[in-house]
Amino acid sequence: MATINAAYEATATLPDGRLLYLRAIRPDDREKLREGFFKLSKTSVRDRFFSIKRDLTPGELTYFTEVDFLRHVAVVAELQNGSELKPVGVGRFVASKERPDHSEMAITVIDEMQGKGIGRILLAQLINGARDLGIRHLDATVLAQNVRMSNLLRSTGLPLETRLEDGVRTLSLSL
């Protein structure tokens, strides 16, 4: 597997046989990311941001699309849609300043494509990318009711520590 950097590109096959195109996020993904945000249900937005948001701010769009691939790594998943590639998910991790061997991770898949294996493929990319950078733990902070993310992390078979406090679950996947 290739190291995730600004030139990263890969493909994977979904369980239904479709080809999923994976690539490094780019600054010119701002508008596509914003359009994808509007395709998320209120539940998906709440699960990702812990509150209902109507839009992404210019600062958030910059943060999400202008990454250094050293401390902040992000991968876009796309499917062929006619002659274009349509973004269907993003996975990312950001290294912790306090604990250099830990990174906070997040995966978002548009609602119509959830449950089709995209999150699992993005997670595999993040795990390999984190290992390449010497990260030993991918941490996810999720609302307690976000069982999809908890189940996704458990499905890796890797050691997983969980802690629940005030309706927020912290999951730490040992790599």
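Computed from heavy atoms alone, side chains included, the values below leave out hydrogens, waters and symmetry copies.
In this structure, Val147 is not a member of the same hydrophobic cluster as Val142, with clusters built from ILVMFWY side-chain heavy atoms closer than 4.5 Å. Tracing side-chain contacts under 4.5 Å through hydrophobic residues (I, L, V, M, F, W, Y), one reaches Ile127 starting from Leu160; they form part of the same cluster. The cluster map of Ile, Leu, Val, Met, Phe, Trp and Tyr, joined by side-chain heavy atoms under 4.5 Å apart, puts Phe38 and Val90 in the same cluster. Linking Ile, Leu, Val, Met, Phe, Trp and Tyr whenever their side-chain heavy atoms come within less than 4.5 Å leaves Ile121 and Leu19 in two separate clusters.
Among all heavy-atom pairs drawn from Leu164 and Ala144, the shortest one is CD1-CB, 3.7 Å. Heavy atoms only, all atoms of each residue included: Leu158 and Ser174 are closest at CB-O, 3.5 Å. Tyr8 and Thr3 make their closest contact through CD1-O, 3.6 Å (heavy atoms, listed as atom of the first residue, atom of the second, distance). What you find for Phe69 and Ile25 is that their closest heavy atoms are CZ-O, 3.6 Å. Closest of all the heavy-atom pairs between Gly119 and Val109 is N-CG2, 4.0 Å. Looking at every heavy atom in both residues, Gln125 comes nearest to Ile4 through O-CD1, 3.4 Å.
Looking at Ser103 and Arg71, their side chains never bring a donor and an acceptor atom within 3.5 Å of each other. Thr141 and Glu104 share a donor-acceptor pair across their side chains, judged by distance under 3.5 Å alone.
Counting only residues at least two apart or in different chains, side chain to side chain donor-acceptor pair (under 3.5 Å) contacts with residues 31-43 comprise Arg34-Asp55, Ser41-Ser44, Ser41-Asp111.
Distance check: Leu123 CG to Leu138 CG gives 7.0 Å after rounding to the nearest 0.5 Å. Separation of atoms OG1 (Thr162) and CZ (Arg154) is listed at 6.0 Å; rounding is to 0.5 Å. From Glu78, atom CD reaches atom CD1 of Ile118 across 11.0 Å, with rounding to the nearest 0.5 Å. In this structure, Arg30 CZ and Thr65 OG1 are separated by 5.5 Å, a value rounded to the nearest 0.5 Å. Between Leu79 atom CG and Leu20 atom CG the span is 5.5 Å, to the nearest 0.5 Å. Residue Leu175 holds its CG atom at 8.5 Å from OG1 of Thr156, rounded to the nearest 0.5 Å.
In this structure a side-chain-to-backbone donor-acceptor pair under 3.5 Å is missing from Asn81 to Glu84. Panel note: side chain Gln80, backbone Gly82; a donor-acceptor pair is recorded below 3.5 Å. A donor-acceptor contact shorter than 3.5 Å is absent between the side chain of Glu66 and the backbone of Pro27.
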Evaluate the criterion side chain to side chain contact (heavy atoms under 4.5 Å, CB included) for residue pair Leu22 and Leu122; output intermediate values, then yes/no. CA-CA 8 Å; Leu22 302 155; Leu122 283 168; 4.0 Å; yes
Test side chain to side chain contact (heavy atoms under 4.5 Å, CB included) on Ile135 and Met105 and set out the steps. CA-CA 12 Å; Ile135 294 163; Met105 57 89 54; over 6 Å; no
Evaluate the side chain to side chain contact (heavy atoms under 4.5 Å, CB included) criterion for residues Ser172 and Asp139: first the C-alpha distance (whole Å), next the side-chain angles of each, then the deciding distance (0.1 Å), finally the verdict. CA-CA 4 Å; Ser172 184; Asp139 302 330; 2.6 Å; yes
List the steps, then state whether side chain to side chain contact (heavy atoms under 4.5 Å, CB included) holds for Arg48 with Leu40. CA-CA 10 Å; Arg48 174 62 179 89; Leu40 296 174; 5.8 Å; no
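In Arg120, the CZ atom is not crowded: 12 or fewer heavy atoms of neighbouring residues, nucleotides or ligands sit closer than 6.0 Å.
Between Phe49 and Phe64, the ring-plane angle classifies as tilted under the 30° and 60° cut-offs.
Annotation: side chain of His137 is not in contact with side chain of Glu161 (no heavy-atom distance under 4.5 Å).
Across Val76, Val75, Val67, a single residue satisfies side chain to side chain contact (heavy atoms under 4.5 Å, CB included) together with Arg92, and that is Val67.
Ion pairing between Asp47 and Arg148 fails under the 4.0 Å rule for side-chain N and carboxylate O.
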